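Since we're looking at a predicted model, the values are computed, not measured.
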Amino acid sequence: GASAEDYAMIEDSIVKYFDNSGKVTIEDADAARAKLDREKVLRIENGDANAVRLLNTELQQDILIRVTATPTAHATVGPAVRLLAKAVSTADGRMLGTAFVDMPLPMSKTNISVYTRYLSEQLMGDMAKKWSNQTQTVGVRVYKTATVDDAIKIRKWLQATNGVSSVTTRGATGGSSTSYASFDVAYNGAPE
């Protein structure tokens, strides 16, 4: 018996919680939907790297948050609406967080507010953990520096960059006029 307006209220409530600080730019969901057809959404959910890169270009946003709301009779509270949320990085297709909750009926303003707040907090918590606690590694190759000493200077510059936890030299070679070096750079947080 739920209407489209009930589901719109769920979406608006989640947007409200994510936009609460004013420090997050949220694109209008209808505008995003106009750019994404069902095929693209399915490709993204199945981890298709080409679809994620396309998504990054089309939406020009860092994160896609997708929430589904479906009726379920399998909740411990009886008939409910199952809310599932996923946050995906549009830069590389990484899963940044997931959250889920069974919201009991009726779909009242109070129930929607309480359960979407819980869902939003869980999803934001997952994303914050991913950004703040997880060390990630990226390979950096340096071509055509004048000497191996110049490549070492670049290594020191990388080590001094905010968020970089370590730089491991994978190899360096050099001749009389040019050199090449390869590093693994471990960093915490966002890849910037």
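- Taking CG from Leu119 and CZ from Phe18, the interatomic distance works out to 7.5 Å, rounded to the nearest 0.5 Å.
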Donor-acceptor pairs are to be reported for all side-chain atoms of residues 151-158 against protein atoms at under 3.5 Å, with residues two or more places apart or in another chain.
{"residue": "Arg155", "atom": "NE", "partner": "Thr169", "partner atom": "OG1", "Å": "2.8"}
{"residue": "Arg155", "atom": "NH2", "partner": "Val167", "partner atom": "O", "Å": "2.6"}

Take Ile10 and Met103 through the side-chain contact (heavy atoms from CB on, under 4.5 Å) test and state the conclusion after the steps.
CA-CA 11 Å; Ile10 290 171; Met103 181 180 67; 4.0 Å; yes

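- Atom CD of Gln60 sits about 12.5 Å away from atom OG1 of Thr25, to the nearest 0.5 Å.
- Rounded to the nearest 0.5 angstrom, Asp28 CG and Ile26 CD1 are separated by 10.5 Å.
- Linking Ile, Leu, Val, Met, Phe, Trp and Tyr whenever their side-chain heavy atoms come within less than 4.5 Å puts Ile112 and Val101 in one cluster.
- Atom CE of Met127 has more than 12 neighbouring heavy atoms from other residues, nucleotides or ligands inside a 6.0 Å radius.
- Side-chain atoms of Asn111 come within 3.5 Å of backbone N or O of Pro106 as a donor-acceptor pair.
- The structure places CG of Leu123 at 5.0 Å from CD1 of Ile65, a figure rounded to the nearest 0.5 Å.
- The CD atom of Glu5 sits 10.5 Å away from the CE atom of Met107 when rounded to the nearest 0.5 Å.
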One pair to check against side-chain contact (heavy atoms from CB on, under 4.5 Å): Val81 and Asp102. What are the steps and the verdict?
CA-CA 6 Å; Val81 176; Asp102 289 334; over 6 Å; no

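- The shortest side-chain heavy-atom distance between Leu83 and Thr68 does not fall under the 4.5 Å cut-off.
- One distance of note links OH of Tyr180 with CZ of Arg141; it measures 5.0 Å at 0.5 Å rounding.
- Asp30 meets the side-chain hydrogen bond (donor to acceptor under 3.5 Å, both in side chains) test with Arg33; sequence neighbours excluded.
- Other members of the cluster containing Phe100 are Leu84, with ILVMFWY side chains joined at under 4.5 Å, either directly or via other members.
- Sorted by first and then second residue, the side chain to side chain donor-acceptor pair (under 3.5 Å) pairs with a member in residues 113-123 read Ser13-Thr116, Tyr17-Ser113, Arg117-Glu121; sequence neighbours excluded.
- Residues passing the side-chain hydrogen bond (donor to acceptor under 3.5 Å, both in side chains) test with Asp6, sequence neighbours excluded: Ser3.
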Let me see the working for Leu96 and Ile63 under side-chain contact (heavy atoms from CB on, under 4.5 Å), right down to the final yes or no.
CA-CA 9 Å; Leu96 298 175; Ile63 301 168; 3.8 Å; yes

N/O donor-acceptor pairs under 3.5 Å from side chains in residues 69-80, not counting sequence neighbours:
{"residue": "Thr72", "atom": "OG1", "partner": "His74", "partner atom": "N", "Å": "3.1"}

